[in-house]
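Have a look at the structure below before the remarks.
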Amino acid sequence: STDDNGGGRGRPGALSAPPTTDDVRRIDVNPPRGTRDFPPEEMRLRNWLFRNFREVSLLFGFEEVDFPVLESEALFIRKAGEEIRDQLYCFEDRGNRRVALRPELTPSLARLVIQKGKSLSLPLKWFAIGQCWRYERMTRGRRREHYQWNMDIIGVPDVTAEAELISSIVTFFKRIGITASDVGFKVSSRKVLQEVLRCYSIPENLFSKVCIIIDKIEKIPMDEIKKELKSAGVSEKAVEELLQVLSIKSLTKLEEILGSAGEAVADLKLLFSLAEKFGYSEWIEFDASIVRGLAYYTGIVFEGFDREGKLRAICGGGRYDQLLSTFGGDDLPACGFGFGDAVIIELLKDKGLLPEVNLEVENIVSALDVDLQGAAARVASILREKGQSVDLVLESKPLKWVFKRAARINAERLILVGSSEWQRGMVSVKILSSGEQYEVKLDELE
Ligand SMILES: Nc1ccc(Br)nc1
């Protein structure tokens, strides 16, 4: 990297000294495998994304919450064979406690809801943006951390809650220029699976495991899916029927198969009619194969996908009415979604929708003489007290250097403190976009 002199690190032109015996071996300056640094430009893009997450959440009346990145491992130990369990970033701490870097936020939210118990007035509408981790063999070269935006509604049993959550994501997409031609939501309900399994009197305790196997339908060969279902205890006939039902893409067809008495069809019909009222019908479609890969979903599930089919799921969520009791709490109806910070950026790049997020500083202030550094600091403080951003040049630099830096930081105004003007209580101001230049009294500077 270079400083603003355009030289290498330190004084420009300094010759590098020959290595000595006590030279420190240079450490690996890259971040740990699978993790990212956020230098200024990337951090501005991340802040832009998170600002949109936050503003949509607040627009929907949600309250922000947060939890430790480090949680008890027990929060994430579920026996349904989820990928998230296989990739848990877990270890034993110095107190011999089994802990884990959270792979998702929902279990922490459930823990906090149980902890707060009766003191909470329902419904809760909480949102969080937090870093989540997985330990994946780097053979697949995938990231080990990402930031997830979550919105959750606790205490509302009706699908109006799921309809509201999908509406919030549609609102987010619209804000950043994504349309229904770019992205859609595949929606289903795990009750579809449940009703089919019940027809074949498959024990309820197999439900989660079957869902996790079905979730891999796009990722592993069908023979493997069938093999895993059978070894999980699902009969050959039930497997065939199950896969038949999962291929249904129309609610009418689903109703023909399952009848209209069951909760699955009723929930989905209500959700689609609410979508119409919210005005986002063009964004959603029924797809019985959607089950999502988290064991705890119990009802409606949905995922955002890019219609070109180039990217992994953009977001996903659903209803999880029985999560609290798995931690020993009293169950409460709950639903929520997770929205990662990586796939959406890939989508925006593909669509040419990445925003310009340049550094913007209103003023750069520089002393023209070394003995006016204090005067320049005074000018900077006056402007900052008025809420104006100021990049104060902290050393004596040639004017050429100051202009170059002003351009690099996109400063709107250059304020020069020169001795003759200062004697008269004035400073000189240059509007960098127009070149307009004038003198102004210090106490009239604004
Ligand atoms: N759950 C999870 C965590 C971290 C990343 Br990267 N992807 C998924």
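First listed ligand is number 1; within each ligand, the first listed atom is number 1. In what follows, residues are counted from 1 in the order of the sequence shown. As the structure is a computational prediction, the values presented were derived from the model and not from experiment.
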Quiz item: Yes or no on salt bridge (Lys or Arg N to Asp or Glu O under 4.0 Å) for Lys125 and Glu63, after CA distance, side-chain angles and deciding distance?
Solution: CA-CA 6 Å; Lys125 296 180 182 180; Glu63 298 174 275; over 6 Å; no
N or O contacts of ligand 1 with protein under 3.5 Å, please list pair by pair.
| from | atom 1 | to | atom 2 | distance (Å) |
| --- | --- | --- | --- | --- |
| ligand 1 | 1 (N) | Pro103 | O | 2.8 |
| ligand 1 | 7 (N) | Arg134 | NH1 | 3.4 |

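- Within the 4.5 Å cutoff, the side chain of Asp330 has no heavy atoms near those of the Ser325 side chain.
- Each of Trp133, Phe50, Phe53 was compared with Tyr147 under the ring pair (Phe, Tyr, Trp, His ring centres under 6.0 Å) criterion, and only Phe50 meets it.
- When each of Phe337, Phe327, Tyr296 is tested with Tyr320 by the rule ring pair (Phe, Tyr, Trp, His ring centres under 6.0 Å), just one qualifies, namely Tyr296.
- When all heavy atoms of Ile213 and Ala232 are compared, the closest pair comes out as CD1-CB, 4.0 Å.
- Of the inter-residue distances, the one linking Leu332 atom CG with Leu323 atom CG reads 10.5 Å to the nearest 0.5 angstrom.
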